[in-house]
J.: 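Structure provided below as structure tokens; questions to follow.
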Amino acid sequence: MLSHYYTVKEYGEHEIIIQKSRFIAHVKRVETEAAAQEFIQEIKKKHWNATHNCSAYLIGEHDQIQKANDDGEPSGTAGVPILEVLKKRNLKDTVVVVTRYFGGIKLGAGGLIRAYGKSTSEGLDAVGIVERKLTQVVHVKIDYTWLGKIEKELRASEHKIKEILYLDTVEIETFVNNHLVESFRDWMIELTNGQCTLHQGETVYLEESIS
């Protein structure tokens with residue numbers, strides 16, 4: 001599993017007008033090629049009367065699944081520019097479909113490349129990008145007398161509290177970046193003078209919005 005990577009916040013769309021043509025970027029997070037293809041077909045069905053529904057997707061930890069489709073535009077002027085934007089943004093598990101309604105003015109090959117690239121870029125900005133960091137959920141059990149101090153320290157740190165369970169003792173579930181688990185344990189032990197017990201829970205990706 002990757003320690004961190006960038007992807008989009010679920011689904012969104014954004015429309016721009018270039019030389020009277022409408023370009024609508026549809027953006028979605030997907031984790032399989034089947035899901036990407038299904039999304040592309042959904043957009044094609046929704047915009048069945050559009051001039052073109054061009055698409056591209058980038059899937060997998062090592063970008064092992066890549067595909068671009070010009071859907072009738074001159075070869076290399078639509079799907080590839082969409083894919084190139086995804087690569088430049090270092091995005092993973094992302095599919096984009098750009099729907100075009102022709103407005104009567106031909107853009108030429110260079111104009112099309114710029115238009116599809118611009119539509120994709122603005123669509124990604126509109127939807128937003130997140131960074132997903134691989135974290136370990138660490139359970140910290142302490143006596144109630146330590147709660148105020150530990151909670152204050154955690155909220156002032158880079159670690160995020162998942163949940164606080166108020167039982168016979170207090171259990172604080174905290175997201176800790178994988179490479180910081182050992183130092184986190186040492187820190188908790190130091191703060192409580194050794195009066196805490198810790199155990200590691202599940203490994204999960206924590207999302208943080210970056211745009």
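Along the sequence shown, residues carry numbers from 1. Here the structure is a predicted model, which is why all the values come from computation and not from measurement.
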J.: Check for a donor-acceptor pair, side chain of Lys92 on one end and backbone N or O of Glu61 on the other, with a separation under 3.5 Å.
T.: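 The answer is yes, because a donor-acceptor pair under 3.5 Å joins these two groups.
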J.: With a 4.5 Å cut-off on side-chain heavy atoms, are Gln37 and Tyr57 touching?
T.: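 Sidechains of Gln37 and Tyr57: in contact.
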J.: Do Leu154 and Phe184 come within less than 4.5 Å of each other through their side chains, counting heavy atoms only?
T.: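 Yes, at least one pair of side-chain atoms sits under 4.5 Å.
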J.: Please name the pair of heavy atoms, one in Leu191 and one in Trp146, separated by the smallest distance, quoted to 0.1 Å.
T.: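 Nearest pair, atom of Leu191 first, then Trp146: O-CZ3, 3.3 Å.
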J.: Using only heavy-atom distances, determine whether the side chains of Thr99 and Arg22 contain a donor-acceptor pair under 3.5 Å.
T.: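 Distance-only check fails for Thr99 and Arg22.
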J.: Counting only heavy atoms not in Arg114, do more than 12 sit closer than 6.0 Å to its CZ atom?
T.: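 Incorrect, the count does not exceed 12.
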J.: If you count heavy atoms of other groups shown closer than 6.0 angstrom to CD of Gln64, is the number above 12?
T.: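 More than 12 within 6.0 Å, yes.
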J.: Does the pair Asp125/Arg89 count as a salt bridge with the N-to-O cut at 4.0 Å?
T.: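 The answer is yes: the pair qualifies as a salt bridge.
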J.: Without swapping roles, check the side chain of Asp70 against the backbone of Gly79 for a donor-acceptor pair under 3.5 Å.
T.: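 It does hold such a pair.
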J.: Measure the shortest side-chain to side-chain distance between Gln195 and Asp143 over non-hydrogen atoms and say whether it is less than 4.5 angstrom.
T.: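 With C-beta onward as the side chain, the pair stays apart.
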J.: Specify the closest pair of heavy atoms between Ile161 and Ile164, including all atoms of both residues, with the distance to one decimal.
T.: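 That would be CG2-CG1, 3.9 Å.
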J.: Counting distance only, does the side-chain N/O of Tyr205 pair as donor-acceptor with the main-chain N or O of Leu2 below 3.5 Å?
T.: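 Answer holds: yes.
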J.: Do side-chain atoms of Arg29 reach the backbone of Val8 as a donor and acceptor pair under 3.5 angstrom?
T.: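 Between the backbone of Val8 and the side chain of Arg29 there is a qualifying donor-acceptor contact (under 3.5 Å).
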J.: Check the pair Glu158, Lys133 against salt bridge (Lys or Arg N to Asp or Glu O under 4.0 Å), reporting the backbone distance first and the verdict last.
T.: CA-CA 12 Å; Glu158 63 183 292; Lys133 295 180 180 179; over 6 Å; no
